[in-house]
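Here the structure is laid out as structure tokens; the discussion comes afterwards.
Sequential numbering from 1 along the given sequence is applied to the chain's residues. Since the structure is predicted, the reported quantities are computational estimates derived from the model, not experimental observations.
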Amino acid sequence: MKFHSKLNILPLGAVMLAASVNAANLPTRMINGQECYYYEVQPKETVYGLCKEFGITKSQLVQYNPSVADGLRAGAVLYFPVAEFPELGAKDNESVKSGANDKKSKVYLATDNGNKMSYPKAAVHHVAKGETIYGICKRYGISETQLIELNPSLNNGLKHGTLLLLPDSCQTPEPETKTAPAAIETSPTPEPTTVTVTSPVTTTVPSPASVATTPEVDTTADSTHLSTLPEETDPTDTTENVKETTNIAVILPFMLDSENIDKQTQLYTEFYRGMLLAADSLRNSERKIAIRAYDSASSLDTVVNILGKPELENVDVIITPDDNDQLDAIARFARERGAAVFNIFAVKNTEYLKNPDILQANITHSAVYPKAISEFHRLYPQYTPVFLTPRDGKTDKKDFTAQLRESLNVRGRNYIEIPYTSYLKESDLASLDSDGYYMFIPESGTSTEFSHIAGALKTFREHHADNNQIRIFGYPEWITFRGNALENLHFLDATIYSRFYNDDNSYRSKDIAERYKNWFGTSMIQAVPVQGILGFDAGYYLLKSINETGGKLLDSKYYYDGVQSGFHFTGTNEGAGQVNDTLYFIEFRPSGLIDKHSVE
């Protein structure tokens, strides 16, 4: 069955009811080409309260926001098609409401000393973990007085997940900055050279070499291409002489001596280019940041030679390759100099267990399952888990399902086991109640096994008393699904866990993709994860953390919820390094929308 977005379907009763809704002043955004009002759920709000306030029924609310069937979650975003709910926007004669009487005015509209003022409904900021009033004001170029006047609730402190109103005069935030194309230079030598690029204000970002990522560009040693930040040097600016410098070294296999550049090498270069985009977004930072890249050439000897360079004596952060021997050599070097090691590529490396200066940038495998299972219990207490086990198929997720079964037993929750042969059949599900709440959990994350169960589950869901009571829970591999498989994820209201997720239809993702193409003249490679966005997220986290801690990256408590990846590091044991504990739950809604939230 072809999947269709529910945004195009609305009962007649809903149209009639929309006329009675009071103006709610909700802002709008484009969702899958359709303009929708959106509203962020505030703490302690209820489905009953929202339905009463918006003048809609619970069934209407659930129809466009299926996750509401599981209860409201503070910070969740609800959507309503503008064409079907016109009264949810502000009326012409109600452009300003009293901040004391309108509960949403503190988010979208405000009063200033009794004088009526109006602001763009899109000028809002979503407060992320670890943010401060000072940091938000600096980001948008406004004063703390302005922000607090528009958002009086700040007098009680800044809370994660809330929306803040911003004044008309606020500047565009850094992540959304549009940039000029990067300057392309050439060098007669294969080794990266450092090119100094100075901000017209305060920041200096030396921008080293990287190779081209497209086969159309000559990548031989005699014509290496260097991608740098746009140079905007002010010879009269002397501020850099009094600024402290944080030195970041990127040591990756750019393979500049190779005549044939393979895809993996291109992905490393794309990662570095994403870092350059992040550096440009934070040009106006408080510290001087020097980023230098070095070609490891996939050789331990080359890495050792790089570590002998004089500028590495003062290095503060090193981004390492995925080779364990090379990473260990770099870790020992960094330990002797008190530098931080940012390991984002060697996912299974355990050097962090004995080196307190290592930041393991991926949540460890041993931590993923317990965290995912804990969130499963929190979100879906009313669903009965149904484990689907193929008698003759793959069971590559049996370790996860075994841990989930054990936790269900500990909590005293019932679950059901359904084995099947080859393909799941409707008859295999005959014993299930027609009005029960069921969360189906396959024993495999492969696309083959998913195709073997999807058909019967779709039929069962269609014939169920309430199809919102039938869902499926799955695995990181499913983020690669396209075509019919992706449509089935939406139809089955699937939830998966993953270390990362990029919604390429989101504004932030499209913005980075556009900037990347403008800078480097080519699109990012469609890999999973997208390496250009991974580089942007990693670079943005590192630079923000360095600025907020005065260069002491290992002391950072900054939480970054990125475009594709999030970073929040916590200590493990005494004498050990820190590990990123960010894990995402991704919900594929039947409406066609995709929600991503980090697991606490």
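- The aromatic rings of Y380 and F376 lie perpendicular to each other, with more than 60° between the two planes, well past the 30° mark.
- Formation of a donor-acceptor pair under 3.5 Å by the T395 side chain with backbone atoms of K398 is not found in this model.
- K544 NZ to I546 CD1: the interatomic distance, rounded to the nearest 0.5 Å, is 12.5 Å.
- Without hydrogens or angle criteria, S498 side chain to Y501 main chain gives no donor-acceptor distance under 3.5 Å.
- Taking all atoms of both residues into account, the shortest heavy-atom contact from A538 to I344 is CB-CD1, 4.0 Å.
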Are N349 and D328 close enough, and set up right, to give a side-chain contact (heavy atoms from CB on, under 4.5 Å), and what steps lead you there?
CA-CA 9 Å; N349 185 275; D328 291 348; 3.7 Å; yes
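- A side-chain donor from one of Y268 and D322 sits under 3.5 Å from a side-chain acceptor of the other.
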Apply the test side-chain hydrogen bond (donor to acceptor under 3.5 Å, both in side chains) to residues S598 and Y559: give CA-CA distance (whole Å), side-chain angles for both, the deciding distance (0.1 Å), then the verdict.
CA-CA 11 Å; S598 60; Y559 177 92; 2.7 Å; yes
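- Residues satisfying the ring pair (Phe, Tyr, Trp, His ring centres under 6.0 Å) criterion with Y584, sequence neighbours excluded, are absent altogether.
- N580 places a side-chain N or O within donor-acceptor distance of the main-chain N or O of H568, the cut-off being under 3.5 Å.
- The shortest distance between side-chain heavy atoms of Q266 and T269 does not fall below 4.5 Å.
- S298 and M255 make their closest contact through OG-SD, 3.7 Å (heavy atoms, listed as atom of the first residue, atom of the second, distance).
- Atom CD1 in I586 sits 4.5 Å away from atom CD1 in I496 (nearest 0.5 Å).
- Remark: side-chain polar atoms of S258 are not paired, donor with acceptor, to backbone N or O of N260 under 3.5 angstrom.
- Counting all heavy atoms, side chain and backbone alike, V530 lies closest to N502 at CG2-ND2, 3.8 Å.
- L593 is not listed as a side-chain neighbour of F588, based on a closest heavy-atom distance of 4.5 Å or more.
- Using bins of under 30°, 30° to 60° and over 60° for the plane-to-plane angle, the ring pair F585/Y497 lands in the tilted bin.
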With side-chain contact (heavy atoms from CB on, under 4.5 Å) as the criterion, how do Q360 and Q578 come out once you've worked through the C-alpha distance, each side chain's angles and the decisive distance to 0.1 Å?
CA-CA 6 Å; Q360 184 75 11; Q578 300 179 49; over 6 Å; no
Taking it one step at a time, do S407 and I373 satisfy side-chain contact (heavy atoms from CB on, under 4.5 Å)?
CA-CA 8 Å; S407 70; I373 290 170; 3.3 Å; yes
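- Between the side chains of D262 and T265, a donor-acceptor pair is found at a separation under 3.5 Å.
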Decide ring pair (Phe, Tyr, Trp, His ring centres under 6.0 Å) for F520 and Y516; before the verdict, give the C-alpha distance in whole Å, the side-chain angles of both, and the deciding distance to 0.1 Å.
CA-CA 6 Å; F520 305 112; Y516 187 97; 4.8 Å; yes
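- With a 4.5 Å cut-off on side-chain heavy atoms, P370 and Q403 count as touching.
- The aromatic rings of Y475 and W478 sit perpendicular to each other, their planes meeting at more than 60°, with 30° as the lower class boundary.
- Expressed to the nearest 0.5 Å, how far CZ of F333 lies from CD1 of I306 amounts to 11.0 Å.
- Taking each heavy atom of P321 and A346 in turn, the nearest pair found is O-CB, 4.4 Å.
- Side-chain contact between S545 and L553 is present, with heavy atoms from C-beta onward closer than 4.5 Å.
- Here E514 does not pair with K517 in a salt bridge; the nearest charged N to carboxylate O distance is not below 4.0 Å.
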Carefully, step by step, assess F254 and S296 under the rule side-chain contact (heavy atoms from CB on, under 4.5 Å).
CA-CA 7 Å; F254 298 114; S296 69; over 6 Å; no
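- Of all heavy-atom pairs between K371 and I363, the closest is CD-CD1, 4.1 Å.
- Between L252 and F271 there is a side-chain heavy-atom pair separated by less than 4.5 Å.
- Screening D357, N343, I358, V341 for a side-chain contact (heavy atoms from CB on, under 4.5 Å) with Y352, the sole residue that qualifies is I358.
- The CG atom of L543 sits 11.0 Å away from atom CG of D280, with the distance rounded to the nearest 0.5 Å.
- Counting only heavy atoms from C-beta outward, the side chains of K394 and T448 never approach each other to under 4.5 Å.
- Listed here is the closest heavy atom pair of T582 and F567: OG1-N, 3.7 Å.
- Interatomic distance, Q264 CD to I261 CD1, rounded to the nearest 0.5 Å: 12.0 Å.
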Under the salt bridge (charged side-chain N to carboxylate O under 4.0 Å, His left out) rule, what do E270 and R273 come out as? Steps first, then yes or no, please.
CA-CA 5 Å; E270 186 173 294; R273 288 177 165 181; over 6 Å; no
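- Remark: the backbone N or O of F345 is not paired with any side-chain donor or acceptor of N362 at under 3.5 angstrom.
- Using a 4.0 Å cut-off between charged side-chain N and carboxylate O, R515 and D511 make a salt bridge.
- Checked for salt-bridge contact, R337 and E313 meet the test: a charged N lies under 4.0 Å from a carboxylate O.
- Between F569 and Y541, the two ring planes are tilted [angle within 30° to 60°].
- When the options E477, E443, E449 are evaluated for a side-chain hydrogen bond (donor to acceptor under 3.5 Å, both in side chains) with K397, the one that passes is E477.
- Checking side-chain atoms of S281 against main-chain N and O of L277 turns up a donor-acceptor pair under 3.5 Å.
- Between Y369 and F400, the ring-plane angle classifies as perpendicular under the 30° and 60° cut-offs.
- Listed by chain and number, the residues in a ring pair (Phe, Tyr, Trp, His ring centres under 6.0 Å) with H377 amount to none (sequence neighbours excluded).
- One N or O on the side chain of N547 and one on the backbone of R287 form a donor-acceptor pair closer than 3.5 Å.
- Atom CD1 of I330 sits about 11.0 Å away from atom CD of E351, to the nearest 0.5 Å.
- Between T446 and D396, the closest side-chain pair of non-hydrogen atoms falls below 4.5 Å.
- Looking at R292 and N247, their side chains come closer than 4.5 Å, going by heavy atoms from C-beta outward.
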